[in-house]
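See structure below.
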Amino acid sequence: MSDNTQFSFGPATGVGSLPGGDAREAAKTATGSFEDFPFLPELPARGPGADMIGRTAGMLVELYARVEPSGWRIGDRPGRDTRRARSWLREDLDALEEFTQGYEGQLKVQAVGPWTLAAGLELKNGEAALSDLGACRDLAASLAEGLRLHLAEVRRRVPGAQVVLQLDEPSLTAVLRGQVRSASGYRTHRAVDRQLVEATLRDVAGVHDGGPVVVHSCAPDVPFALLRRAGAAAISFDFSLLTERDDEAIGEAVEGGTRLFAGVVPGTDGPLSDPAGSVMGVRTLWRRLGLHPGLLAQAVTITPACGLAGASPGYARQALAHCARAARSLADNPE
């Protein structure tokens with residue numbers, strides 16, 4: 001990865017997941033909603049292997065996972081679940097390729113980051129991989145190699161794209177605080193050392209050589225400073241979960257050239273305010289931090305608060321279109 005100040009990002013994009021199971025329909029929506037920053041959609045409603053953990057498990061190199069009643073578990077060889085995950089990813093890439101013919105510009109792809117993967121994948125004994133730091137190391141190395149291959153495949157299919165890699169880390173805060181529950185549910189796995197968390201993230205993000213990496217978490221208390229040190233060019237978060245405790249870290253991020261992917265549009269069905277109303281909180285934050293309004297469009301990309309898998313198809317399309325309009329409102333009227 002390069003110095004994050006070199007990257008300019010599109011004004012709005014999606015987080016990743018969409019409702020339904022039709023890859024072509026999803027690709028059409030994701031590319032049609034954001035002419036300058038489309039994304040590769042994920043469709044978890046198709047079932048195991050299309051879910052967040054299963055999809056990324058299918059990308060692993062020389063590590064395989066299968067579905068057990070308790071969740072995804074690492075196994076010895078690729079089975080039906082791995083094949084299904086890989087088949088759906090190919091289907092999604094086929095659809096994306098169809099709708100990005102001749103496209104030149106930014107394109108975002110998502111995968112689960114190493115720590116959420118370690119919290120969400122079980123070892124053979126049924127405990128999370130997080131319980132064994134050696135297993136975490138092997139998992140991160142396998143993920144890094146899988147992502148390298150995936151990014152190369154995306155670039156081959158959409159040769160004009162500048163690929164942006166998003167690592168989804170919703171469990172990161174729980175990992176840092178020792179809040180991930182054991183298999184029994186009676187205890188929690190011990191907190192992982194912050195320096196190890198940071199170094200592992202840096203190593204995995206480093207596979208996107210020369211390309212920007214976004215880290216996404218829709219959990220409270222996103223560790224902004226740690227993610228910036230790990231090399232994130234942008235941090236994606238649910239704007240409604242920010243508190244004034246985050247102000248200093250956000251101010252430092254903006255001044256350091258880190259892009260904010262502000263999730264301001266609700267991820268589930270509900271009434272949408274006017275586009276200007278959706279970004280009012282961002283403007284208020286800017287004033288509170290004493291930042292220059294002219295920086296807003298350069299520093300903020302507008303997204304939904306989280307993935308849209310739980311929304312109705314109609315609302316999901318509306319929400320993405322709303323993000324694009326809200327970003328325009330922010331650029332046209334930063335005050």
Side-chain angles (χ1 to χ4, degrees), residues 1-15 33-39 105-108 162-167 205 208 210-218 220-265 273-306 319-335:
M1 268 181 328
S2 320
D3 171 37
N4 60 17
T5 53
Q6 296 172 1
F7 302 116
S8 63
F9 291 92
T13 191
V15 170
S33 303
F34 305 109
E35 287 165 16
D36 42 12
F37 201 0
F39 63 100
Q106 289 192 314
L107 169 67
K108 185 166 71 70
Q162 299 153 332
V163 182
V164 175
L165 171 62
Q166 176 178 305
L167 295 175
H208 193 19
V213 173
V214 183
V215 180
H216 167 73
S217 170
C218 46
D221 298 320
V222 174
F224 287 94
L226 182 150
L227 294 176
R228 290 177 58 221
R229 289 194 304 272
I235 299 169
S236 168
F237 54 94
D238 179 344
F239 192 85
S240 71
L241 298 177
L242 288 185
T243 68
E244 293 197 10
R245 281 203 313 271
D246 298 305
D247 280 8
E248 191 180 338
I250 287 182
E252 285 172 3
V254 172
E255 285 168 356
T258 305
R259 183 83 172 190
L260 304 179
F261 280 39
V264 298
V265 177
S273 72
D274 65 303
S278 292
V279 289
M280 193 164 64
V282 181
R283 292 195 184 97
T284 304
L285 171 70
W286 231 244
R287 280 197 294 274
R288 200 165 73 225
L289 296 177
L291 292 166
H292 191 280
L295 266 178
L296 262 174
Q298 299 164 37
V300 176
T301 291
I302 297 298
T303 72
C306 210
L320 296 181
H322 192 82
C323 287
R325 285 198 293 273
R328 241 185 333 269
S329 158
L330 203 57
D332 292 347
N333 183 15
E335 306 278 358

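Values reported hereafter were calculated over all heavy atoms of this structure, with side chains retained and with hydrogens, waters and symmetry mates removed.
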Minimum heavy-atom distance between [X] and [Y], given as atom pair plus value:
| X | Y | value |
| --- | --- | --- |
| W286 | P293 | CD1-CA, 3.9 Å |
| V213 | H208 | CG2-CB, 4.0 Å |
| A12 | A327 | CB-CB, 3.9 Å |
| V282 | A262 | CG2-CB, 4.4 Å |
| R259 | G10 | NH2-O, 3.4 Å |
| A234 | T258 | CA-CG2, 4.0 Å |

Can you name the residues that form a side-chain hydrogen bond (donor to acceptor under 3.5 Å, both in side chains) with [X], not counting sequence neighbours?
| X | result |
| --- | --- |
| S278 | S273, H322 |
| S236 | H216 |
| R283 | S329 |

Supply the atom-to-atom distance [X] [atom1] to [Y] [atom2], rounded to the nearest 0.5 angstrom.
| X | Y | atom1 | atom2 | answer |
| --- | --- | --- | --- | --- |
| F224 | S217 | CZ | OG | 9.0 Å |
| I250 | L242 | CD1 | CG | 4.0 Å |
| Q166 | T303 | CD | OG1 | 8.5 Å |
| T301 | L260 | OG1 | CG | 8.5 Å |
| I302 | R325 | CD1 | CZ | 13.5 Å |

- Item | Side chains of L289 and V254 in contact at under 4.5 Å (non-hydrogen atoms) |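 No, their side chains stay 4.5 Å or more apart.
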| said: Within the structure provided, determine whether V222 and D246 are in side-chain contact (heavy-atom separation under 4.5 Å). | reply: no
Got a sec, which residues hit side chain to side chain contact (heavy atoms under 4.5 Å, CB included) with [X], two or more places apart in sequence or on another chain?
| X | answer |
| --- | --- |
| Q106 | F9, F37, Q162, V164 |
| E252 | R228, E248 |
| P220 | L241 |
| P304 | V15, L308, L320, C323 |

### Query
Excluding sequence neighbours, so at least two apart, what forms ring pair (Phe, Tyr, Trp, His ring centres under 6.0 Å) with F239?
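Once residues adjacent in sequence are excluded, F239 has no partner under the ring pair (Phe, Tyr, Trp, His ring centres under 6.0 Å) criterion.
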Which residues share a ring pair (Phe, Tyr, Trp, His ring centres under 6.0 Å) with F34, sequence neighbours left out:
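Checked F34 against ring pair (Phe, Tyr, Trp, His ring centres under 6.0 Å); zero matches.
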For this session: Go through the structure and list residues passing salt bridge (charged side-chain N to carboxylate O under 4.0 Å, His left out) with R245, not counting sequence neighbours.
Result: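 D221.
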Test salt bridge (charged side-chain N to carboxylate O under 4.0 Å, His left out) applied to D247 - qualifying residues, sequence neighbours left out =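 Here the qualifying residues are R288.
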Worksheet item: Step by step, would you call M280 with V264 a side-chain contact (heavy atoms from CB on, under 4.5 Å)?
Response: CA-CA 9 Å; M280 193 164 64; V264 298; over 6 Å; no
